Amino acid sequence: MLRIITQQADVRAELQRICDRTHDEQVLHKEATVREVLQAVKRQGDKAVLHYTAEFDKQTLKAEELRVTGSELDAAYQQVSKELLGAVRLACRQIEAFHRQRVPKSWVHFGDDEVVLGKRYTPVDRAGLYVPGGRAAYPSTVLMNAIPAHVAAVPHVVMVTPPGPGGAINPAVLVAAQEAGVQEIYRIGGAQAIAALAYGTETIPKVNVITGPGNIYVTLAKKLVYGTVGIDSLAGPSEVLVIADETANPVHVAADLLAQAEHDPMAAAILLTTDAALAKNVQLALERQLVDHPRRIDTEKAIAHYGLIVLVESLEAAAELSNEFAPEHLELEIKDPWALLPQIRHAGAIFLGYSTPEAVGDYLAGPNHTLPTSGAARYASALGVETFLKHSSIIQYSQTALQNVASAIDVLATAEGLPSHADSVRRRIQQEE
């Protein structure tokens, strides 16, 4: 049963508990395991990757079987329906169109005294994409990670994903990877996959940035290899927060909460509403929709532990609670969502109005569905083209421009006790004189 809270004294404590749901004492034990895996792969390469794939994924492979073959990729197209292929291609077009608007432009400014300043954007040489498996197949995650890399003009894109029975990979995932421009696919998952991408092995190339969500072992591995490579974020369990007033449809709100809860037993589904009748109707509608749900056990666990309905005095109060929680997904199912939008400061993605369920963003609206979780939306943003780009500053001074600032540089360098800094400018000025 989805709980309804009316006592405001309990609300913030409950929201904080849900936000902190991944911070338990077991993480330290898991981190020790991940460190062991990372070091083994760094030292032993393919041998360690194969060992941990057998131990954790129960798949016995040879090194030459790690990479998905061309014949497997061709066969994948024969195993997906025309409807699914059409949907994948539509999503590709939508996601690419959105991300092309996000590409930052290099620029140069010519100022006074022949001072030239600018910024130059260039892609990383190699990107590694992690696509989770296990509970479900995620072709949408392939698209959301690979297409921004493609738009950023990354020349070499590598994907890893956990193998299923017999080492097989879901054909929809393989098709999505090809449609999105992935060049190499490897059937490995878990911390060993992150280690292989970060350090390289005899078979798997080392990359410069790793993106994509995974389980706690994958997340910890990304955290520990950061610095050796760049990463997009530390993704936690998925979450949605819905702000609804008396005009919202309780059946639709319940469906949106379940759409998040079905991801994972640790997914969070929260409703903030000003209307007591809506709260009760959502609670009842959710119970009805759970009957015969194909993923009922995991979904019920999520609802029981991390599901919540909160009655609030006003939409402004709801917005403030939402900002404190900083949800991954925020839905505004209210009469005038644009009026409340200026009060929203922290959210990964914001869905406005009655006809914009979070599933639209998951699949093909265009904006990325790889979003900050567990309160990270206070300081982080969605994965995007910029994740695969780096920028270099461009600076050129003329002799006149250098003379104009030489004394200031001399003073600053002397104050910092760096005489050669000052000397590098002084010698140029003296030479000219």
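Keep in mind it's a predicted model, so treat the numbers as computed, not measured.
Looking at L143 and C92, their side chains come closer than 4.5 Å, going by heavy atoms from C-beta outward. Side-chain atoms of I188 and I204, non-hydrogen and from C-beta on, do get closer than 4.5 Å to each other. Here the side chains of L383 and S233 are not in contact, with every heavy-atom distance at 4.5 Å or above. Counting heavy atoms from C-beta on, the side chains of V253 and L271 come closer than 4.5 Å. Residues Y354 and H252 have side chains not in contact (no heavy-atom distance under 4.5 Å, counting atoms from C-beta outward). Contact check for S392 versus K119: no side-chain heavy atoms found under the 4.5 Å cut-off. Counting heavy atoms from C-beta on, the side chains of F388 and P123 never come closer than 4.5 Å. Counting only heavy atoms from C-beta outward, the side chains of V225 and L38 approach each other to under 4.5 Å.
When only modelled atom types and interatomic distance are considered, T387 and D232 share no side-chain donor-acceptor pair under 3.5 Å. Residues D113 and S398 bring no donor and acceptor atom of their side chains to less than 3.5 Å of each other. For the 3.5 Å distance criterion, the side chains of Q260 and E239 fail to qualify, holding no donor opposite an acceptor. Between the side chains of D410 and T414, a donor-acceptor pair is found at a separation under 3.5 Å. Checked by atom type, the side-chain pair S71/T69 shows a donor-acceptor distance below 3.5 Å. Under 3.5 Å, the side chains of D275 and T273 contain no donor-acceptor pair of N or O atoms. Side-chain contact, K390 with T122: a donor N or O sits under 3.5 Å from an acceptor N or O. Side chains of D245 and T274: a donor-acceptor N/O pair is absent below 3.5 angstrom, by distance only.
Here R67 contributes atom CZ and E64 contributes atom CD; the two are 14.0 Å apart, rounded to the nearest 0.5 Å. Between the CZ atom in R295 and the NE2 atom in H263 there is a gap of 8.5 Å [rounded to 0.5 Å]. Here the straight-line distance linking atom CD1 of I409 with atom CG of L418 works out to 13.0 Å at 0.5 Å rounding. Note that the CG atom of N404 and the CD atom of Q399 stand 10.0 Å from one another [nearest 0.5 Å]. S322 OG to L315 CG: the interatomic distance, rounded to the nearest 0.5 Å, is 11.5 Å. Expressed to the nearest 0.5 Å, how far CD of Q39 lies from CG of L224 amounts to 9.5 Å.
Using a cutoff of 4.0 Å between basic side-chain nitrogens and carboxylate oxygens, R426 and D423 are scored as salt-bridged. By the 4.0 Å N-to-carboxylate-O rule, D264 lies too far from K301 to be salt-bridged with it. A salt bridge between E202 and K47 is absent, with no side-chain N of the basic residue lying under 4.0 Å from a carboxylate O of the acidic one. With respect to E14 and R17, a salt bridge is recorded, a charged nitrogen being found less than 4.0 Å from a carboxylate O. With respect to E72 and R187, a salt bridge is recorded, a charged nitrogen being found less than 4.0 Å from a carboxylate O.
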V158 and L129: CA distance, side-chain angles, deciding distance, side-chain contact (heavy atoms from CB on, under 4.5 Å) verdict: CA-CA 6 Å; V158 177; L129 316 179; over 6 Å; no
Pair E328-S238, side-chain hydrogen bond (donor to acceptor under 3.5 Å, both in side chains): steps then yes or no: CA-CA 7 Å; E328 177 187 17; S238 196; 3.0 Å; yes
Intermediate values then yes/no, side-chain contact (heavy atoms from CB on, under 4.5 Å), T141 and H369: CA-CA 8 Å; T141 299; H369 79 195; 3.4 Å; yes
side-chain hydrogen bond (donor to acceptor under 3.5 Å, both in side chains) between Y77 and E179, worked out: CA-CA 11 Å; Y77 278 91; E179 293 293 321; 2.7 Å; yes
side-chain contact (heavy atoms from CB on, under 4.5 Å) evaluation trace for I270 with V242: CA-CA 6 Å; I270 300 165; V242 180; over 6 Å; no
CA sep, side-chain torsions, deciding dist, call: L321, V312, side-chain contact (heavy atoms from CB on, under 4.5 Å): CA-CA 9 Å; L321 285 173; V312 293; 3.8 Å; yes
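Here the shortest heavy-atom pairing between A377 and G348 reads CB-N, 3.7 Å. Counting all heavy atoms, side chain and backbone alike, L66 lies closest to D46 at CD1-OD1, 4.2 Å. Across P237 and M266, no two heavy atoms sit closer than the pair CB-O, 3.4 Å. Between C19 and G375 the shortest heavy-atom distance is SG-N, 3.8 Å. When all heavy atoms of P139 and V173 are compared, the pair lying nearest together is N-CG2, 4.0 Å. Listed here is the closest heavy atom pair of Y130 and P162: OH-CG, 3.6 Å.
Without hydrogens or angle criteria, T53 side chain to V49 main chain gives a donor-acceptor distance under 3.5 Å. No donor-acceptor distance shorter than 3.5 angstrom exists from the side chain of Q396 to the backbone of V116, with no hydrogens or angles considered. Judged purely by atom type and a 3.5 angstrom limit, H99 uses its side chain to pair as donor or acceptor with the backbone of I95. For the pair K222 (side chain) and G212 (backbone), a donor-acceptor distance under 3.5 Å is present. Judged by distance alone, with hydrogens and angles left aside, the side-chain atoms of E331 form a donor-acceptor pair with the main-chain N or O of E358 at under 3.5 Å. Side chain of H346 to main chain of E324: no donor-acceptor pair is present (N/O by atom type, distance under 3.5 Å, no hydrogens or angles). The backbone N or O of F98 lies less than 3.5 Å from no partner atom in the side chain of R102, so there is not a single donor-acceptor pair. In this structure, the side chain of T373 engages the main chain of G236 through a donor-acceptor pair within 3.5 Å. Side-chain N or O atoms of R3 include one that pairs as donor or acceptor with a backbone N or O of G307 at under 3.5 Å. For the pair R428 (side chain) and V425 (backbone), a donor-acceptor distance under 3.5 Å is absent.
Within the structure, the salt bridge (charged side-chain N to carboxylate O under 4.0 Å, His left out) test picks out the following pairs touching residues 305-322 (sequence neighbours left out): E320-R345.
Remark: Y186 pairs with E184 by the side chain to side chain donor-acceptor pair (under 3.5 Å) rule, at least two apart or across chains.
Within 6.0 Å of NE2 in H156 there are more than 12 heavy atoms belonging to other residues, nucleotides or ligands. Other residues, nucleotides and ligands contribute at most 12 non-hydrogen atoms within 6.0 Å of the CD atom of Q7.
The aromatic rings of Y217 and F56 sit parallel, their planes meeting at an angle under 30°, below the 60° perpendicular limit.
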